[in-house]
Amino acid sequence: MQITEHETYIEIRSDSRFSARQTFTCGQCFRWQEQADGSWRGVVRGRAARVWDDGGALCITGTRAQFDALWRGYFDCDTDYASICQSFAVDEFTAAAAEFGAGIRILNQEPWEALCTFLISQCNNIPRIAAIVQRLCTGWGQPISFEGQTLHAFPTPDALADLSPDDLAPLRAGYRAPYLIAAAQAIESGALSFDTLRGLPTEDARRYIMQLRGVGRKVADCFLLFGLHRLDAFPVDTWMKKAAASYSGDMKQFIDSPFAGVYQQYFFYYVREHQLGK
DNA sequence: TGCCAGGCCGAAA
DNA sequence: TTTCGGCATGGC
């Protein structure tokens, strides 16, 4: 990868196995797009960047100050994922899961964006979720000039609160569009506050967010994990038993099964155990 | 044409 | 408390 004078090559940890592809395509976020050169371009909190991995190191454009101010937290760089993976590989299944998910980092996403994307995710598939989110940003997000092209920030609640479902028809999000508008209105009216949510225990935060229309248990848990970085949000006991039961010894076959995404929760579960010191 | 995709909602049993 | 159909859209 060529590095220009405006770019910073940042290696987070010498023992990191960061994979941009795994991290950006595993279903936790929907805004990073792969470029022809293998790097990934995205916008987070109104800031654009290009990211790639090199020998397991996270590489990102921008200055060191920009990295420390935004991207270090976003990519959860102060968590030792290599150590976590090593520690939880205690049997064939966990070893396979650890190996397969070694490149994933659990991103610290902006809560509002995470809420919207997982409202869109219900009864949907990842490519289509990404397409709807892209149309949402292009249509209602602030334009950002980056590397000679125009990208878009994620729309603010204010930009969506006064829209009607008909206004959002170009999204082709179907019955999910009113959920987005209702969430935006809840933010704008003060009925929903992420600051309040941050101060609540996970169980209370889950009940709080599930008062929103279109937010059931699944959307709530994804929001808590990916929007608030609550690593204890998943009902791991049930999910992990199902995932382990479906594992026949072949991880490659396993990830093609209906439990394809569940292994991730298995991975997240061990991250949680590690971080909470259980 | 019918089924399914990383659900949720509300009615009915 | 659980079950089930409907809900928009798009790919296979």
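These numbers were taken from a predicted model, which means no experiment stands behind them. Below, chains carry the letters A, B, ... as their sequence lines are ordered, and counting in each starts from 1.
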Colleague: Scan residues 165-185 of chain A for pairs that pass side chain to side chain donor-acceptor pair (under 3.5 Å), counting only residues two or more places apart or in two chains.
Modeller: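 Applying side chain to side chain donor-acceptor pair (under 3.5 Å) to every pair that reaches into residues 165-185 of chain A, excluding sequence neighbours, yields A:Ser164-A:Asp167.
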Colleague: So, using side chain to side chain donor-acceptor pair (under 3.5 Å) as the criterion, who are the partners of A:Glu99 when residues are at least two apart?
Modeller: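 Applying side chain to side chain donor-acceptor pair (under 3.5 Å) to A:Glu99 gives A:Arg17.
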Colleague: What salt bridge (charged side-chain N to carboxylate O under 4.0 Å, His left out) pairs are there with at least one residue in residues 121-143 of chain A, not counting sequence neighbours?
Modeller: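 For residues 121-143 of chain A, and leaving out neighbouring residues, there are no salt bridge (charged side-chain N to carboxylate O under 4.0 Å, His left out) pairs at all.
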Colleague: Sequence neighbours left out, what passes side chain to side chain donor-acceptor pair (under 3.5 Å) with A:Asn125? Give chain and number order.
Modeller: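 Scan of A:Asn125 (side chain to side chain donor-acceptor pair (under 3.5 Å), adjacent residues dropped) gives none.
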Colleague: From the 5' end of DNA chain C to its 3' end, which nucleotides mark the outer limits of contact with chain A, defined by a 4.0 Å heavy-atom distance cut-off (strictly under)?
Modeller: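 With heavy atoms of chain A under 4.0 Å away, the range is C:dC7 to C:dG10.
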Colleague: Expressed as a whole number of Å, how far does the P atom of C:dA8 sit from that of B:dA11?
Modeller: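 Pairwise P distance, C:dA8 against B:dA11, rounds to 16 Å.
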Colleague: If I take atom CZ in residue A:Arg176 and atom P in nucleotide B:dA5, what distance separates them, rounded to the nearest angstrom?
Modeller: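 Answer to the nearest Å: 13 Å.
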Colleague: Taking the P atom of each, how far is C:dT2 from B:dG6, in whole Å?
Modeller: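 One P to the other, the span is 25 Å.
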Colleague: Where each pair must be Watson-Crick or G-U wobble with both distances under 3.5 Å, what dot-bracket representation of DNA chain C is obtained, with crossing pairs in [ ] and other-strand partners as |?
Modeller: |||||||.||||
Colleague: So which pairs with a foot in residues 182-204 of chain A pass salt bridge (charged side-chain N to carboxylate O under 4.0 Å, His left out), sequence neighbours left out?
Modeller: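 Counting only pairs at least two positions apart or across chains, the salt bridge (charged side-chain N to carboxylate O under 4.0 Å, His left out) contacts touching residues 182-204 of chain A are A:Asp195-A:Arg198, A:Glu203-A:Arg206, A:Asp204-A:Arg207.
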Colleague: If you count the non-hydrogen atoms of other residues, nucleotides and ligands that lie under 6.0 Å from CG in A:Asp162, is the total more than 12?
Modeller: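 Check fails, neighbour count at 12 or below.
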Colleague: Mind checking salt bridge (Lys or Arg N to Asp or Glu O under 4.0 Å) for A:Arg45 and listing every partner two or more places apart, or none if nothing turns up?
Modeller: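 If we apply the salt bridge (Lys or Arg N to Asp or Glu O under 4.0 Å) test to A:Arg45, skipping adjacent residues, there are no hits.
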Colleague: Could you run through nucleotides 7-13 of chain B and give me one letter per nucleotide, 5' to 3': B if any protein heavy atom sits under 4.0 Å from the base, S if only the sugar-phosphate is that close, - if neither?
Modeller: BSSS---
Colleague: If you look only at pairs with a residue in residues 111-122 of chain A, which of them pass as a salt bridge (charged side-chain N to carboxylate O under 4.0 Å, His left out), with sequence neighbours excluded?
Modeller: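 Qualifying pairs, neighbours excluded: none.
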Colleague: Can you confirm whether A:Arg64 sits close enough to A:Arg72 that some side-chain heavy atom of one is under 4.5 Å from a side-chain heavy atom of the other?
Modeller: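 In contact.
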Colleague: Counting any heavy atom closer than 4.0 Å, what does A:Arg128 reach on the DNA or RNA strands: base, sugar-phosphate only, or nothing?
Modeller: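 Base contact - A:Arg128 has a heavy atom under 4.0 Å of at least one base atom.
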Colleague: Apply side chain to side chain donor-acceptor pair (under 3.5 Å) to A:Trp32 and list each qualifying residue two or more places apart in sequence or on a separate chain.
Modeller: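 Scan of A:Trp32 (side chain to side chain donor-acceptor pair (under 3.5 Å), adjacent residues dropped) gives A:Tyr74.
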Colleague: Could you work out, with side chain to side chain donor-acceptor pair (under 3.5 Å) as the rule, every residue matching A:Ser193, not counting sequence neighbours?
Modeller: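 Counting only residues at least two positions away or on another chain, A:Ser193 forms a side chain to side chain donor-acceptor pair (under 3.5 Å) with A:Thr196.
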Colleague: Across the strands shown, which category fits A:Ile129 at heavy-atom distances under 4.0 angstrom: base, sugar-phosphate, nothing?
Modeller: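 Result for A:Ile129 = nothing.
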